[in-house]
Amino acid sequence: MLNANLVELSNTIFKQILVSNDLHEFTINDIGTVAGGGTPSKKIISYWNGNIPWLSPKDLSNKPRIFTSSGENYITQQGLDNSSTKLLPRNTVLFSSRAPIGYLSIAKNRIATNQGFKSVIPNKQYPFWFIYELLKVETPRIINEANGSTFKEVSVMSV
């Protein structure tokens, strides 16, 4: 019940901001830094079963929630250091950019993701909840602009 009330309050505040401000077109890079993810080699056992939470879009499909602290898998520091994944800060807005596009959550703690994410690390001027609500509203347009022959993917984020 509390979560539902918080979501409703966040939606209301977001809509009030949009109505009460002089809006201008901007890119996601104006409000945050977009970070992709990566997957450490699964052939190297020492990269896996560590203490760093690592997320795939499948984790968000299994348990959709506003805040996410971990997924099914964890990686080691060695796995982090030897792949293109990054350790994202708390309150990063996690956005699945393929398979499928549009799963959305907020990092409850430091977390790494696979290449199926374009996560947004908020700039100090923009709170994480604003970016979360913005991406929630813009998801249909982002999906419509995605491309790919095998499956749709977001290669560049814009709002």
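Atom set for the values below is all heavy atoms of this structure, side chains included, hydrogens, waters and symmetry mates excluded. Everything quoted here is computed from the prediction, not taken from an experiment.
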Q.
Quick one, I52 with L87, criterion side-chain contact (heavy atoms from CB on, under 4.5 Å). Give me CA distance, side-chain angles, the key distance, then yes/no.
A. CA-CA 8 Å; I52 300 169; L87 193 54; 3.7 Å; yes
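- To the nearest 0.5 Å, atom CG of residue N82 and atom CD of residue Q77 are 9.5 Å apart.
- Taking CG of L104 as the reference point, atom CD of E133 lies at 8.5 Å (rounded to 0.5 Å).
- The local environment of NZ in K86 is crowded, with over 12 non-hydrogen atoms from other residues, nucleotides or ligands closer than 6.0 Å.
- If you run side-chain contact (heavy atoms from CB on, under 4.5 Å) between S119 and each of I111, L88, L55, only L88 comes through.
- At least one side-chain heavy atom of L134 sits under 4.5 Å from a side-chain heavy atom of I31.
- A distance of 10.0 Å separates CG of L94 from CG of N91, quoted to the nearest 0.5 Å.
- Between Y132 and I66 there is a side-chain heavy-atom pair separated by less than 4.5 Å.
- To the nearest 0.5 Å, the span separating NZ on K118 from CG on L135 amounts to 13.0 Å.
- Between R110 atom CZ and R90 atom CZ the span is 12.5 Å, to the nearest 0.5 Å.
- Side-chain contact check for F95 versus T139: some heavy-atom pair is nearer than 4.5 Å.
- Between N49 and T76, every side-chain heavy-atom pair lies at or beyond the 4.5 Å cut-off.
- Distance CG/N51 to CD1/I75: 9.5 Å, rounded to 0.5 Å.
- Residues N114 and P57 are in side-chain contact: their nearest non-hydrogen atoms beyond the backbone lie under 4.5 Å apart.
- The side-chain heavy atoms of T85 and T39, taken from C-beta on, include no pair separated by under 4.5 Å.
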